[in-house]
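Below is one structure; the comments refer to it alone.
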Amino acid sequence: MLELRFIRENLELVRKKTERRGIEDSRIEDFEKVDLERRELLGELERLRNNRKTVSAEIAELKKQKQDAEALILEMRGAGERIKELENTLAGVEENLQDIVMGIPNLCDDSVPAGKDEDDNVEVKKWGDVPQFAFEPKSHWEIGENLGILDFERAAKLSGARFALLKGLGSRLERSLINFMLDLHTQKHGYEEVLPPFMVNSTSMTATGQLPKFEEDLFRIKGWDLYLIPTAEVPVTNIHRDETLAEKELPVKYCSYTPCFRSEAGSYGKDTRGLIRQHQFDKVELVKFSRPEDSGAELESLLADAEEVLQLLKLPYRVVTLCSGDLGFSATKTYDIEVWMPAQNKYREISSCSNFGDFQARRGGVRYRPRDSKKSRLVHTLNGSGLAVGRTLAAILENFQRDDGTIYLPEVLEPYFEKRF
RNA sequence: GGAGAGGUACCGAAGUGGUCGUAACGGGCCCGACUCGAAAUCGGGUUGUCGGUUAGUAGCCGGCACGUGGGUUCGAAUCCCACCCUCUCCGCCA
């Protein structure tokens, strides 16, 4: 959410930046009218309330001196009623304004390239050599099914399309990757590990921006104000909702493994096979709270932390800056890391690292108190996948396959495959 | 599910109809004094939000907020109703 006053004073800028994202029906046009209406009502209401307060104090004074206050009381009779009426009118207008404001996306950073969709994303880096095969590389689902470590048919029996059943060394590999990523980020990169609830309420979903606009992407628990989390970003960012942090605590860095649940509404026919697009997938997420002036640099180091996972796994990847049209609703800037998928002969997203500026912090009331200041300020929030585990597993199967249908594992995972008992 | 207790500022906590929301008191934090420096001590400061004013995220003026939403009243942290959450005990349970 952007600040009301900011929108009012920079309406042209907000309109331009929103257009740059390719969003048409943002209702910004209504803002000016509704905002004015609200302030006029508010002014009138505040006058009435001020009057009530003043007169009530006079009545109190009279009563204290044992004098008759009946005349004043009579005069004020009905004042409460009038105030209530105005309050109700105002509430309606504010709801209207809130709808408009909640529908306005975050402003994109100046360094974000203009563009329409993912084709306009700008590559900023390439790492590793794309493997050359002397044979036709198989898809990860073929390899996985042949090895008996992936079973999509039975998963469909259990739950339907877009679910996977991992078996034997497949589930062992998934678990190893989770542990490897958590160990790297906690032991080397200084993140604190958290394991949050996998269901959150609507307030939490609203703070990070999934609600109210993107409800159709979520799974809701029937009869409860609870949703399955689409990413650990939601519970972890909400850890400090309505809190004021001390400046010396910043940046706060969390690392969290959770499964993620997404309806994938609107992606029918896309990636129907394999592990790429599932209703449930594992992810290790990195979340940061930083001072506003540090968030740019924190995004770069967050990206580096995520990249290191791929480097250690020796998986080739590239980094792209999302263009304005592909940028998420709440983000000011996003880097996607895309891993090489040999069977598809292209790079596929495996991590998304974003700076949200104060957009989420304002919605969620996350602030900090600067050392020498009386006033608290909103923090900046950032997060990034470090990494999407299912897609990492798929990349390992495809990149490290041999012509006999077996695969080999990157060295860093060996400790996770040692026999323990 | 049953019984009870409680939700007030950064934290703890007082306050049961009228300058108590510039919210007692304690702690923390920040600034200053003392000190070679620190500790201790002493002094000062420290809620958020919306609106107005303004060159201003500074000041000043005003409104609102004591879990949430309603109600009573000239006036509600305080009285009434509903709901949410936390804690304790009992029951059930992985």
Nearest-angstrom distance, [atom1] atom, [N] to [M]:
{"N": "B:A5", "M": "B:A82", "atom1": "P", "value": "16 Å"}
{"N": "B:G2", "M": "B:G62", "atom1": "C1'", "value": "50 Å"}
{"N": "B:A9", "M": "B:C90", "atom1": "P", "value": "31 Å"}

Phosphate OP1/OP2 of [N]: any [X] side-chain N/O under 4.0 Å:
{"X": "A:R367", "N": "B:U49", "value": "yes"}
{"X": "A:N50", "N": "B:G63", "value": "yes"}
{"X": "A:S376", "N": "B:G48", "value": "yes"}
{"X": "A:R49", "N": "B:G63", "value": "no"}

Flag if over 12 foreign heavy atoms under 6.0 Å of CD, A:E58
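Counting neighbours around CD of A:E58, more than 12 heavy atoms of other residues, nucleotides or ligands fall under 6.0 Å, so yes.
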Expected output is a numbered-order residue list: members of residues 31-45 of chain A with a heavy atom under 4.0 Å from any atom of RNA chain B. What is it?
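Hits under 4.0 Å, by residue number: A:R38, A:R39, A:L42.
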Length of the line joining [X]:[atom1] and [N]:[atom2], which is rounded to integer Å:
{"X": "A:K53", "N": "B:G75", "atom1": "NZ", "atom2": "P", "answer": "14 Å"}
{"X": "A:R5", "N": "B:G48", "atom1": "CZ", "atom2": "P", "answer": "15 Å"}
{"X": "A:E46", "N": "B:C50", "atom1": "CD", "atom2": "P", "answer": "12 Å"}

Mind checking if A:R8 touches a base, just sugar-phosphate, or nothing, with heavy atoms under 4.0 Å?
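The residue A:R8 makes sugar-phosphate contact but no base contact.
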Over all strands shown, is A:R52 touching base, sugar-phosphate only, or nothing at heavy-atom distances under 4.0 angstrom?
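Sugar-phosphate contact only.
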Give every donor-acceptor pair under 3.5 Å between a side-chain atom in residues 407-421 of chain A and any protein atom, sequence neighbours left out.
| residue | atom | partner | partner atom | Å |
| --- | --- | --- | --- | --- |
| A:Y416 | OH | A:D183 | OD2 | 2.7 |
| A:K419 | NZ | A:F421 | O | 2.8 |
| A:R420 | NH2 | A:P415 | O | 3.0 |

Strictly by Watson-Crick or wobble contacts shorter than 3.5 Å, is anything paired with B:U22, and which nucleotide is it?
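By the stated definition (distances under 3.5 Å), nothing pairs with B:U22.
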Counterpart residues, side-chain hydrogen bond (donor to acceptor under 3.5 Å, both in side chains), relative to A:T89 (two or more places apart):
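For A:T89, no residue satisfies side-chain hydrogen bond (donor to acceptor under 3.5 Å, both in side chains) once neighbours in sequence are set aside.
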Quick one: which of B:C74, B:G51, B:G71 gets closest to the side chain of A:K84?
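Of the candidates, B:G71 comes closest.
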Verify whether one side chain among A:Q65 and A:E61 offers a donor that lies under 3.5 Å from an acceptor in the other.
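Note: A:Q65 and A:E61 side chains meet the donor-acceptor criterion.
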Do the side chain of A:N146 and the main chain of A:E142 share a donor and acceptor less than 3.5 angstrom apart?
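Yes.
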